[in-house]
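To start, the structure under review is shown below, and the notes come after it.
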There are 2 protein chains.
Amino acid sequence: MKIGELAETSGVPAKTIRYYEEIGLLPPPEREANGYRSYDRDALQRLRFVQHAQAAGLTLREISQVLAIRSEGRAPCVHVRDLLHRHLVQIDERLAELRATKRELQSLARHADALDPADCPEDVICSILVRAG
Amino acid sequence: MKIGELAETSGVPAKTIRYYEEIGLLPPPEREANGYRSYDRDALQRLRFVQHAQAAGLTLREISQVLAIRSEGRAPCVHVRDLLHRHLVQIDERLAELRATKRELQSLARHADALDPADCPEDVICSILVRAG
DNA sequence: GTACGCCTTCCAGTGCACTGGAAGGTCAAG
DNA sequence: CTTGACCTTCCAGTGCACTGGAAGGCGTAC
């Protein structure tokens, strides 16, 4: 399977697949006589794994770690479990932040919608936004 | 007021204040005879405004736009109102994404917690994560 | 006079995940 | 024989918001 086909099948751009190889996320594949990359089914499986792991919120660096552990023959279960729990905490934090920002923004938007631009005082930069934060 | 004092008062590192000036977010301040930056109260107000606007989720680029509009003498109200509404939409999208990821992660974590590492089959990269995505 | 802390500029790097483009090789169809 | 799709490498840029460090000037206290 050439890189274009792998890209097509996986939905990951060829450029990105080469990039994954470059950063050591994917192992260098076999090459055809003409130098083209030749991928087997494992490559697709790995790539799908990367997509799954990304969907789960892991960074490429973390995915590399999991992949490396596995290629050493150890089962990455414990490691992955830790990663998952840590990510859940992070997501909760981020959710809380976002919700706070949203409340902030909603309050500002309500204020903005009720405001006549003519009322904008000259001495402050923006009377909508000075209420933020 | 020298940059260190402004940094102290605002909580924004001096390095960052210089960076803001460099990208045109803050206007170049007066200089003392020795070349030190000399800030007035307006500078602190602007810096606070930047912090508020950032807290509201605006990017530095957007904040620059608001500041630029204001410095042209026009009230940025309408512009800001649009920004706010667009940001609210973005935040809702991001919230939905995050919540989906969280559900994903929770399901994976439950699976991981219930799993004995010895059960990890050799032929898949990680039986926890193949379920993701 | 020297030590220390503050200030200056400038250049470069961080993190994250790509993405673009140039210059050129390969292969099958028309 | 040329066109076009595909592949290669390499270098460089994107976006966002900083951050680090070197090399040197300034100002005050001891």
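Hydrogens, waters and symmetry mates play no part in the numbers below; they use all other heavy atoms, side chains included. A, B, ... follow the sequence lines: proteins, then strands. Residue 1 opens every chain.
Comparing C:dC18, D:dC10, C:dC16 against the side chain of A:Q54 picks out C:dC18 as the nearest. Relative to the side chain of B:T59, the nucleotides D:dA17, C:dC18, C:dC16 differ in distance, and D:dA17 lies closest. Closest contact between the side chain of B:R37 and the listed nucleotides C:dT8, D:dA17, D:dG21 involves C:dT8. Checked against D:dC18, C:dT19, C:dT9, the side chain of B:Y20 finds its nearest nucleotide in D:dC18. Proximity note for A:R61 (side chain, C-beta onward) versus C:dC16, C:dC18, C:dG20: the nearest is C:dC16.
At whole-Å resolution of the value, CD1 in B:I17 and C1' in D:dC18 are 13 Å apart. Nucleotide D:dT8 holds its C1' atom 17 Å from the CD atom of A:E30, rounded to whole Å. Look at CZ on B:R18: it is 13 Å from P on D:dT19, rounded to the nearest Å. One atom, CD of A:E22, and another, P of C:dC16, lie 16 Å apart when rounded to the nearest Å.
Residue order along DNA chain C, read from the 5' end via each residue's closest nucleotide, puts A:T16 first among A:T16 and A:N34.
Among residues at least two apart or in separate chains, salt bridge (Lys or Arg N to Asp or Glu O under 4.0 Å) pairs with a member in residues 4-32 of chain B are B:E21-B:R37.
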What N/O pairs connect the protein and nucleotides 1-5 of chain D at under 3.5 Å? Give each pair on its own line.
none

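The stretch residues 2-13 of chain B comes close to DNA chain C through B:K2, B:I3, B:G4, each having a heavy atom under 4.0 Å from the strand.
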